[in-house]
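Report on the structure given below.
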Amino acid sequence: MALGRGHWGSRFGFVLAAAGSAVGLGNLWKFPYITWENNGGAFVLVYLAAVALLGLPLMMGEILIGRRAQQSPVPAFEMLGSKRWTPVGWLGVAAGAVILSYYLVIAGWSLWSFAQCIGWSLHGYTAKEGAFTQFLSSGSIQLVLTAAFSIATALIVSRGISRGIEKATMVLMPVLLAILIYVLITALTMDGRDQALAAVFVPDFSQMTAEGFLEAMGQAFFSLSLGLGAMIVYGSYINKDESIFKSALWVVVLDTSVALMTCVTMFTIIFSIPELQNDLSGSSVGMLFITLPKMFYTQMPGGAVLGPAFFILVAFAALSSTISLGEVSTSLMIDRVGWSRPKATVVTAAVVFLGSTLSALSFGAVGSLSSIEVFANKQGVFATLDHLAANYMLPIGGLLTTLFVGWKLGRKSTIEELGLSRETVPFKIWLWILRVFAPMAVLYLLFNVFMGKDFS
Ligand code: TRP
């Protein structure tokens with residue numbers, strides 16, 4: 001529907017909102033812990049390669065589709081391509097709903113950590129080993145937190161996103177960055193620094209498996225919010241005279257810096273305070289919520305103030321991501337089914353919350369939900385959905401999107417949309433990546449995993 005679409009106030013408006021979508025739990029929570037699980041170095045290098053070679057070109061592709069079509073993903077694929085392409089949009093909607101369902105659970109943990117930090121700041125730090133595992137297995141706490149975060153997300157989405165998001169991220173992103181830099185600097189004064197830097201930046205390819213490659217690529221898509229049309233939605237609000245390349249580059253650089261800073265910080269804390277490794281040995285899923293409070297309250301000048309501030313910012317970073325995930329399904333219901341925005345939001349939120357309950361109870365609260373194992377070494381509903389969405393749905397969605405931009409859109413419209421007057425060399429490289437390299441890379445990795453031992 002072409003009802004006067006809102007536009008971002010400035011290039012920075014788009015960059016900040018898109019970065020708000022990209023920077024989230026993927027950077028702060030997921031990247032450090034899967035880097036840990038995949039033994040660092042080589043995994044990080046593969047991740048960076050995936051970001052540069054697949055992420056950046058695809059991000060440009062998604063923004064381009066959105067700006068060209070001025071539509072949400074499903075109608076965009078139909079309008080610029082044909083009805084045959086709409087399943088790509090629907091796959092994105094499904095992936096968005098799946099990710100949102102478990103993302104809300106982790107987002108809820110940030111509210112918990114915030115509350116805990118307030119308590120510690122007032123009464124002293126009293127975290128005990130194993131406390132986090134206990135928290136994870138309390139079904140009622142998990143459900144309440146997840147519900148709280150779902151309601152917050154739905155409230156914002158139901159009011160329409162373009163204005164609120166731009167304003168909020170304009171303030172919150174810089175504050176988050178500033179705190180992260182201070183946190184990093186503090187961490188770098190600790191003993192474990194050299195060991196941490198070596199673990200993150202010195203590659204050892206003997207540690208990499210086919211799944212490791214797939215997970216690195218999946219994480220690149222996940223962290224940059226690619227593969228399900230979220231950037232198509234945001235791209236539809238970007239002004240015609242902005243450079244798609246520069247905007248995408250900004251988002252990619254911001255997102256990747258945040259991921260690396262967070263990862264180095266956490267690894268340093270873990271290597272500096274050995275008893276933390278016991279707490280993480282069972283599962284590193286709670287790394288963000290275990291390591292940082294320890295540093296805030298035992299190592300950091302001003303930590304008692306920054307602790308709560310940090311976790312409230314984590315909650316906001318998560319919120320700007322859940323909003324963008326929710327917006328994909330909601331905008332579709334509005335465009336396609338013709339529902340009002342509030343109705344579309346309530347229905348989406350209710351359906352997604354049903355899925356959330358399964359994830360929320362899969363950290364020990366309900367035995368069968370916690371032990372189900374569809375993919376090898378991914379136990380429980382939460383781990384299963386995360387693996388399915390990030391490592392299969394997003395790469396496949398991304399693959400189809402690159403094919404769409406590369407082969408279906410046509411050179412003329414892409415050149416025009418990119419603001420070029422002729423086919424420059426960078427343009428040719430970009431097009432080749434979308435047409436040939438990206439699809440081959442995704443297929444090659446999926447093929448290897450299928451032929452290998454990923455399924456138990
Ligand atoms: N990128 C976000 C993060 O790193 C998560 C996210 C938000 C996302 N919107 C998305 C992932 C769209 C994939 C697609 O936390």
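Just follow the structure's listing: the first ligand is 1, and inside any ligand the first atom is 1.
- Around atom CZ of Phe201, more than 12 heavy atoms belonging to other residues, nucleotides or ligands sit under 6.0 Å away.
- For the side chain to side chain contact (heavy atoms under 4.5 Å, CB included) test with Leu361, the passing option among Val105, Thr146, Leu369 is Leu369; the others fail.
- Going from atom CG of Leu226 over to atom CG of Leu54 covers 10.0 Å, rounded to the nearest 0.5 Å.
- Salt bridge status for Glu78 with Arg336: present, with a side-chain N to carboxylate O gap under 4.0 Å.
- Using a cut-off of 4.0 Å between Lys/Arg side-chain N and Asp/Glu carboxylate O, Lys30 and Asp386 are scored as salt-bridged.
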Quick one: side chains of residues 33-47, donor-acceptor pairs under 3.5 Å with protein atoms, not counting sequence neighbours, listed by atom name and distance.
unit_1 : atom_1 : unit_2 : atom_2 : d
Thr35  : OG1    : Phe31  : O      : 2.7
Glu37  : OE2    : Ser284 : OG     : 3.3
Asn38  : ND2    : Ile34  : O      : 2.9
Asn38  : ND2    : Glu215 : OE1    : 3.3
Asn39  : ND2    : Gln207 : OE1    : 3.0

Check ligand 1 for N or O atoms under 3.5 Å from a protein N or O and list each pair with its distance.
unit_1   : atom_1 : unit_2 : atom_2 : d
ligand 1 : 1 (N)  : Ser21  : O      : 3.3
ligand 1 : 1 (N)  : Ala22  : O      : 3.1
ligand 1 : 1 (N)  : Phe222 : O      : 2.8
ligand 1 : 1 (N)  : Ser223 : O      : 3.1
ligand 1 : 1 (N)  : Ser225 : OG     : 2.9
ligand 1 : 4 (O)  : Ala22  : O      : 2.9
ligand 1 : 4 (O)  : Gly26  : N      : 3.3
ligand 1 : 4 (O)  : Asn27  : OD1    : 3.4
ligand 1 : 9 (N)  : Ser225 : OG     : 3.3
ligand 1 : 9 (N)  : Ser324 : OG     : 3.0
ligand 1 : 15 (O) : Leu25  : N      : 3.1
ligand 1 : 15 (O) : Gly26  : N      : 2.8
ligand 1 : 15 (O) : Tyr103 : OH     : 2.4

